[in-house]
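Source: prediction; values computed, not measured.
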Amino acid sequence: MNQLANISGFSVSLIILSAILFYYAFYYLINSEFPEKITRVIKNQVKKELILFFLKKSAGFIILGLIPGVIYFTIFNRNFGEFGLSPDYFSNNAGTIFSLVTAIVLILLLNQRKNKQHNSLQINLKEWSIFLFLLNTAGWTIYLSGYEFLFRGILLFECFKSFGFWPAIAINATLYSALHMVYGKDQTFGALIFGIIACYFTLSRGTILIPIIMHVALSVFSDFFSILYNEKLSFIKQIRFNPQKR
């Protein structure tokens, strides 16, 4: 029994440590000079910003989602279906997802109207067409699918198996919040609240579709309201290929 406990304890400890190391690898990669060096030769500003954005988001999907997923299911021989990614989980939780997304949208709207100069965009452009915004949405969806797969998937479910419901939530939300400390106290405390809610619904409903959709909604609507209310940003009818940087 002690030997089994030791094996289980080592496994979950390895998963916790690996999750943090994978995030560090991603964070230091995207904040290094490497992405800028790749896009330096691109002259068109729109193309440069889009390629830089997708380069970073794709790196996030690969480093945080694809690589950990392959290692996890190969070494630990887990069932992919345990994360609740089937259409049935979506339909069964549609009401919950709608309610959570609605709450997120209302909070973001009130916050942006109160602080109109807030700008959450990671694509450094002043003028936005619907097409550009859809590409922005696609980039966030790709990245956050991998991100949530690691944190609210592998990490949360393994902690749940080893420690139980509330300890797993506490561990996950604390680590998630701590990783946001570099972005300031607002994001740190916001990440703590978001992490607790996301973890609770993930475990109670048995699907990571909920946190994925929540997180995508958070990022996309934050960007949308930034463009809508920030005086330095605007939506346009047609794509301009040489918009000024903000």
Side-chain angles (χ1 to χ4, degrees), residues 26-27 30-33 35-36 38-40 42-61 97-148 176-177 179-195 197-198 211-246:
F26 165 69
Y27 178 82
I30 65 167
N31 286 283
S32 68
E33 296 180 358
E36 294 288 347
I38 293 178
T39 57
R40 190 174 295 168
I42 303 173
K43 301 301 180 181
N44 184 281
Q45 187 61 31
V46 174
K47 290 182 179 179
K48 181 177 181 179
E49 289 294 331
L50 284 174
I51 291 174
L52 184 61
F53 176 73
F54 273 97
L55 182 65
K56 292 180 178 181
K57 297 312 174 192
S58 298
F61 176 79
I97 293 171
F98 178 78
S99 299
L100 290 169
V101 170
T102 300
I104 288 170
V105 172
L106 289 175
I107 292 170
L108 291 172
L109 174 61
L110 293 173
N111 181 67
Q112 187 68 46
R113 293 184 67 175
K114 183 179 179 181
N115 182 17
K116 293 186 178 182
Q117 299 308 310
H118 173 72
N119 184 354
S120 63
L121 291 160
Q122 294 187 11
I123 298 178
N124 192 21
L125 299 173
K126 279 185 176 181
E127 297 176 329
W128 287 76
S129 67
I130 298 300
F131 177 70
L132 285 177
F133 189 77
L134 289 175
L135 290 177
N136 180 70
T137 300
W140 277 118
T141 303
I142 292 168
Y143 165 63
L144 292 173
S145 296
Y147 189 106
E148 290 298 332
Y176 177 65
S177 177
L179 292 173
H180 283 74
M181 290 180 68
V182 294
Y183 302 113
K185 63 180 182 180
D186 289 342
Q187 285 206 37
T188 302
F189 288 111
L192 182 63
I193 296 170
F194 178 88
I197 295 171
I212 290 174
I213 295 172
M214 284 177 62
H215 212 159
V216 171
L218 179 68
S219 298
V220 170
F221 279 101
S222 180
D223 287 353
F224 176 77
F225 290 134
S226 292
I227 299 171
L228 199 62
Y229 287 100
N230 191 312
E231 294 178 354
K232 296 180 180 179
L233 305 170
S234 62
F235 280 110
I236 58 173
K237 293 183 178 180
Q238 297 180 347
I239 299 173
R240 299 181 185 178
F241 293 96
N242 294 295
Q244 296 178 354
K245 296 174 71 174
R246 59 173 187 262

Practice prompt. Search all heavy atoms of Leu55 against all heavy atoms of Pro35 and return the closest pair with its distance.
Written response: CD2-CA, 3.9 Å
Worksheet entry | Shortest non-hydrogen contact from Ile227 toward Ser234 | CG2-C, 3.7 Å
Worksheet item: Once the angle between the rings of Tyr147 and His215 is folded into 0 to 90°, is it parallel (under 30°), tilted (30 to 60°) or perpendicular (over 60°)?
Response: perpendicular
Discussion item. Does the plane of the ring in Phe133 sit parallel, tilted or perpendicular to the ring in Trp128? Use 30° and 60° as the thresholds.
Written reply: perpendicular
Item to complete: Quick one: list whatever passes side chain to side chain contact (heavy atoms under 4.5 Å, CB included) with Tyr183, sequence neighbours left out.
Response: Tyr23, Tyr27, His180, Gln187
Discussion item. Donor-acceptor pair, distance only, cut-off 3.5 Å: does the side chain of Ser177 make one with the backbone of Thr188?
Written reply: yes
Worksheet item: Taking Glu49 for the side chain and Asn124 for the main chain, is one N or O donor matched with an acceptor at less than 3.5 Å?
Response: yes
Residues two or more places apart in sequence or in another chain: which of them pass side-chain hydrogen bond (donor to acceptor under 3.5 Å, both in side chains) with [X]?
X      : answer
Asp223 : Ser120, Asn136, Trp140
Ser219 : none
Lys48  : none

Discussion item. Tell me every residue that passes ring pair (Phe, Tyr, Trp, His ring centres under 6.0 Å) with Phe221, counting only those two or more places apart in sequence or in another chain.
Written reply: none
Name every donor-acceptor pair, under 3.5 Å, that has one atom in a side chain of residues 104-114 and the other anywhere in the protein, sequence neighbours excluded.
| from | atom 1 | to | atom 2 | distance (Å) |
| --- | --- | --- | --- | --- |
| Gln112 | NE2 | Asn115 | O | 3.4 |
| Gln112 | NE2 | Lys116 | O | 3.3 |
| Gln112 | NE2 | His118 | O | 3.1 |

For the residue pair [X] and [Y], establish whether any side-chain heavy-atom pair is separated by less than 4.5 Å.
X      : Y      : result
Tyr143 : Lys56  : no
Lys57  : Gln122 : yes
Leu50  : Leu132 : yes
Ser222 : Leu218 : no

Discussion item. Ring centroids only, cut at 6.0 angstrom: are Phe61 and Phe54 within range, meaning strictly under it?
Written reply: no
Fill in: The single option from Ile123, Leu121, Thr39 passing side chain to side chain contact (heavy atoms under 4.5 Å, CB included) against Phe53
Ile123
Discussion item. Does Phe189, at its CZ atom, have more than 12 non-hydrogen atoms belonging to other residues, nucleotides or ligands within less than 6.0 Å?
Written reply: no
Discussion item. If I take atom CD from residue Gln117 and atom CG from residue Leu233, how far apart are they, to the nearest 0.5 angstrom?
Written reply: 9.0 Å
Worksheet entry | NZ-CD1 distance between Lys126 and Ile236, expressed to the nearest 0.5 angstrom | 12.5 Å
